[in-house]
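Okay, structure first, notes after.
The figures that follow rest on heavy atoms only: side chains count, while hydrogens, waters and symmetry mates do not. Here the structure is a predicted model, which is why all the values come from computation and not from measurement.
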Amino acid sequence: MEYSSKKIEKKWQEYWKKNNSFEPSEDFTKEKKYILSMFPFPSGRLHMGHVRNYSISDAFARYYRQQNFNVLHPIGFDSFGMPAENAAIKNDSHPKGWTYDNIEYMKNEFYSLGFSFSREREMATSDELYTKFEQAFIIDMYEKDLLYREKGLLNWCPHDQTVLANEQVIDGCCWRCNTPIVKKDMNQYYFRITKYADELLDSLKTLEGAWPKQVLTMQDNWIGKSNGLAFDLFFDESSKEKLNSNFESFDVFTTRPDTIYGVSYTALAPEHAIVTYMIENKLLSEDIITQIKAMKTTSSIQRQKEKLGVSLGLNVIHPLTKKSIPVWIANFVLMDYGSGAVMAVPAHDDRDYDFAKKYDLNIYAVIKAFNDVAEVGKAYTEVGELFNSGEFDGMNSKKSQYNIIKFFEENKIGKKTTNYKLKDWGVSRQRYWGAPIPFIHCEDCSLVMEKKENLPITLPQDAEFTGEGNPLDNHLTFKHCKCSKCGKDAIRETDTMDTFVQSSWYFLRFCASKENMQKEAFSQEQIKYWMGVDQYIGGIEHAVLHLLYARFFTKIFRDLGYLKFDEPFDNLLTQGMVLKDGAKMSKSKGNTVDPDAIIEKYGADTARLFILFAAPPTQELEWNDSGVEGSYKFIKRFFDRSSNIIASDTIPKIKHDELSKEEKFARKKVYEALVRANDVFREKHTFNTMIAGVMEAMNALNSQNNSDVWSEGYWILTSIMEPVIPHTASEISEKYFSLNNLNPQIVLQEVFVEDSVTLGVSINGKRRAEIEIASDASKDEIIRFAKEKAAKWLDNKEIVKEILVPKKLVNIVVKN
RNA sequence: GCGGAUGUGGUGAAAUUGGUAUACACGCCAGACUUAGGAUCUGGUGCCGCAAGGCGUGGAGGUUCAAGUCCUCUCAUCCGCACCA
């Protein structure tokens, strides 16, 4: 029978749907596997990255189902977000319609690829039910002070007309539209993620080995913990006078207390409160004010190009030497790190050095290299010996840090301090298509929460999408409401939540069964059973976004009593990108391959096979048309040669001893493929080698013509391949084995016992010959035979040593 | 600058973790069947060499009977962070 991907794939997709084949059981006594791929944004159509992502998770899900695990493999859509709203503005449509049309289309694409998702648990984060539960969590978090509202200097994307979290600013630009970010002073809601900084950092250790090193490092860097010394610098008398004594001092932070005697100036961020005060009170010349304003309004990329500064005409007193040191403003000092002020040590810090050179400031060296060789014309930033450092002279600079911090603490002039790069997570978005934040602004009661029984606060359908401002802010009946506390007229919060809030707990929502999903977000019992995710699969681009937020939410939820574990994802696999012509597939480059077209031409199984065969999942995958063709040919051959099978509901019993050499070899290859498949699914995840093993077994089967060997081979190989090419494998399995072979397979050790073995013969480690010898031959026999075969290399040589590596090789070491 | 990877045939990639380097596939070459082949099947294919043989895992050393694998140095490419005090 001719192989028809269309017919076979349609048949099995209907079969699986009709039989609810992939619904997990609620029998919590069974062993479970929770297999999850990061859910997609419903952008319109699937791309190859999606196909790769879900081909990997589907292989895992199907394998573990075969192994009799209770498998949860759900799918949903991360369906709030700006692209939907931008599309609505562009097409004069509604984000909701656009989103749900896309979801329908993409769901069909998913099922036409044969992915084994639980249909009952499909959901979209823009569903009102999802919003309802999320808003309830938000209220709980606010009550526990894990969420707060504050005015702050925020990242504003002029194109998307909204603020962004720090994680969402890439190289100073918006992560979605690449527009340069500007700073804007606004009110905003924040999650207290910094409260969890230490735990988020420390528990990375528990993920070692289970998560890619790279992701752990990226999170570590992002949290950016650094230890150092914080202390106050006091203004001298004339400076205090100038400031009308409104400021006595300011706080600085350093990780290099050992350089304290080298401080020759200090620098404030242009946004520092003292600077703002001086501008407001006209304590600076017009010229200087203009320069400061220029620094503040320059984009962060621009600001990095050149170090600029101005002197404030103020002085502070060095805490140890009591010398007077000038106060400057410098554009490289960041207001949102530490205290927005630094002590500058040009002799031992590159930035301070550059700045000092430019503005001709003093440079005091206090550390010298142990070998006394100092490079001229740059800062010495290495460890060395302290000098000109009072009582600390002669100490190792690294070790002196402890002593200097101790000195500051004992004299109560400073203290040991830890700083983090991580900032609280700002979640307000000034856009319509997001989950409304369930708060009300009341003139009398200030910020109050919505009552839980009024949830969900839903988006008004009749908002207008003009592209100007926030549609919710312009929607009168949404905006005007009654205070939930006093009942007076009040204003509803019109900011919506960052979509990363939804993706921070969707994996928990999937644990809810059809029975309880309407009335609660998830039950404790279900969470306890299904979590953590046994295998999570997704792109590395979420290393510090989604993956950090989801870890944070898990910890918050634990502290709110919703669940009882610390980390959500037990194992993480980050898939590589799909490339075409050496570049990432993208519409702008015009090098995309449409999954639908591949399914149409070759079928879903071919697409899945190629994707899993062409490279290991963690590596980049180069799309190659003739490679796809090759996968298609393999499937056809695999299907055609199944005609060699003798139909049976059980695996044939074969007397191994009575087989020919070729038949024995074929069986060995089949069982090798099986051993490898188990290893790949459980440990290595290198599906490419597993598939190669199946191909080798097929080649070996083809070199013999024993029907029982063929049948046994197919019994096992279709079982191995079902996770990869489920339609074709199911078709063969149904036709010949009544689907009885899609179960755990027993590895027969007898096929690995061989009468003879082939050994390489090396002389001085160089391969010179090969011998075939009975497996039970003694060491002496083997070596005698090896010497015979390699005689020409041993003439007139003195044999020093003979090494036998069983089943591998013989190495003879000779002299001369 | 800091951190993380990765370098193996013409190409995508293997190598049971120190034991016959290049499995499997693509491509290419030859043959068979064909009116035909962008179908199918069979065989060949690391490089140099007529051969014997030599050389080969980015490069240079080292450890070892034995190194793609371990150690030292070095080069190249990719990714992440980046004025974080």
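Within the nucleic acid shown, A:W793 comes within 4.0 Å of sugar-phosphate atoms alone, with no base atom in reach, counting heavy atoms only. Residue A:N688 is classed as a sugar-phosphate contact, given heavy-atom separations below 4.0 Å to backbone atoms only. As judged by a 4.0 angstrom heavy-atom cut-off over every strand, A:Q619 is placed among residues touching the sugar-phosphate backbone only. Nucleic acid contact for A:V252: none, since no nucleic acid atom lies under 4.0 Å from a heavy atom of the residue. Among the heavy atoms of the strands lying under 4.0 Å from A:T758 is at least one base atom, whether or not backbone atoms are also near. Residue A:K669 is out of contact with every strand shown, counting any heavy-atom pair closer than 4.0 Å. Within the nucleic acid shown, A:N699 comes within 4.0 Å of sugar-phosphate atoms alone, with no base atom in reach, counting heavy atoms only. Heavy atoms of A:F613 sit under 4.0 angstrom from at least one base atom. Heavy atoms of A:P212 sit nowhere under 4.0 angstrom from any nucleic acid atom. The residue A:E620 sits close only to the backbone: its heavy atoms come under 4.0 Å of sugar-phosphate atoms, none of a base. The residue A:N702 sits close only to the backbone: its heavy atoms come under 4.0 Å of sugar-phosphate atoms, none of a base. At the heavy-atom level, A:V813 lies under 4.0 Å from the strands shown only through sugar-phosphate atoms. Residue contacts shown for A:E622 are absent, as no nucleic acid heavy atom lies under 4.0 Å away.
The phosphate of B:A85 has OP1 or OP2 within less than 4.0 Å of a side-chain N or O from A:S226.
Among B:G80, B:C41, B:G54, the nucleotide with an atom closest to any side-chain atom of A:M218 is B:G80. Distances were taken from every side-chain heavy atom of A:E696 (C-beta onward) to each of B:C24, B:C41, B:A85; the shortest belongs to B:C24. Distances from the side chain of A:K421 to the nucleotides B:A82, B:C41, B:A23 place B:A82 closest. Taking the side chain of A:N811 as heavy atoms from C-beta on, and the options B:G19, B:A85, B:C41, the nearest nucleotide is B:G19. For A:T689, the side-chain atoms get nearest to B:A15 when compared with the rest of B:C41, B:U16, B:A15. Side-chain atoms of A:K684 lie closest to B:A15 of the nucleotides B:U20, B:A85, B:A15.
With the 3.5 Å cutoff on both pairing distances, Watson-Crick and G-U pairs in RNA chain B assemble into runs of at least 3 at B:1-7 with B:75-81, B:10-12 with B:24-26, B:27-32 with B:40-45, B:46-48 with B:53-55, B:58-62 with B:70-74.
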Inset, instruction - Verify side-chain contact (heavy atoms from CB on, under 4.5 Å) between A:V724 and A:M690, making sure each step is shown before the conclusion. - result: CA-CA 10 Å; A:V724 181; A:M690 175 187 94; 3.7 Å; yes

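The aromatic rings of A:W425 and A:Y549 sit parallel, their planes meeting at an angle under 30°, below the 60° perpendicular limit. Aromatic ring pairs are classed by plane angle as parallel below 30°, tilted from 30° to 60° and perpendicular above 60°; the pair A:Y671 and A:F752 is perpendicular.
The ring of A:Y265 has its center closer than 6.0 angstrom to the ring center of A:F355. Between A:F613 and A:F634, the ring center distance fails the sub-6.0 Å criterion. A distance of 6.0 Å or more separates the ring centres of A:F610 and A:Y632.
With rounding to whole Å, A:I540 atom CD1 is found 8 Å from B:G80 atom C1'. Rounded to whole Å, the distance from NZ on A:K580 to P on B:C26 is 18 Å.
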Do any N or O atoms of the protein come closer than 3.5 Å to N or O atoms of nucleotides 3-7 of chain B, and which pairs are they?
none

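Across the P atoms, B:U6 and B:A15 are found 14 Å apart, a figure rounded to whole Å. If you take atom C1' in B:G1 and the same atom in B:G10, they sit 39 Å apart, rounded to whole Å. Distance check on atom P: B:A25 versus B:G58 gives 25 Å, rounded to whole Å. Spacing of C1' atoms, B:G38 relative to B:C48, comes out at 35 Å, to the nearest Å. Nucleotides B:U57 and B:C47 have their C1' atoms positioned 13 Å apart, rounded to a whole Å. One C1' atom belongs to B:A21, the other to B:G68, and the distance between them is 7 Å to the nearest Å. Between B:G3 and B:G9, the distance separating the two P atoms is 30 Å to the nearest Å. Rounded to a whole angstrom, the distance from the P atom of B:C55 to that of B:G61 is 15 Å.
Between A:V366 and A:H348 there is a side-chain heavy-atom pair separated by less than 4.5 Å.
Salt bridge annotation for A:E754-A:K807: absent, with no cationic side-chain nitrogen under 4.0 angstrom from a carboxylate oxygen. Salt bridge annotation for A:K787-A:E802: present, with a cationic side-chain nitrogen under 4.0 angstrom from a carboxylate oxygen. Using a 4.0 Å cut-off between charged nitrogen and carboxylate oxygen, A:E208 and A:K205 do not count as a salt-bridge pair.
For A:N699, the CG atom is densely surrounded, since the number of other residues' heavy atoms within 6.0 Å is greater than 12. Residue A:K416 places its NZ atom among 12 or fewer non-hydrogen atoms of other residues, nucleotides or ligands, all under 6.0 Å distant.
In this structure B:G62 sits in the anti conformation; its chi angle is more than 90° from 0. More than 90° away from 0 lies the glycosidic angle of B:U40, which makes this nucleotide anti.
Once rounded to the nearest 0.5 Å, the distance linking OH of A:Y353 with OG1 of A:T381 reads 12.5 Å.
Of the residues near RNA chain B, A:M335 and A:P616, the one whose nearest nucleotide (by heavy atom distance) lies more toward the 5' end is A:P616. Residues A:K807 and A:N419 both approach RNA chain B. Their nearest nucleotides, taken by heavy-atom distance, put A:K807 toward the 5′ side.
For A:K766 and B:U20, a side-chain-to-base donor-acceptor distance below 3.5 Å is absent, hydrogens and geometry of angles not being considered.
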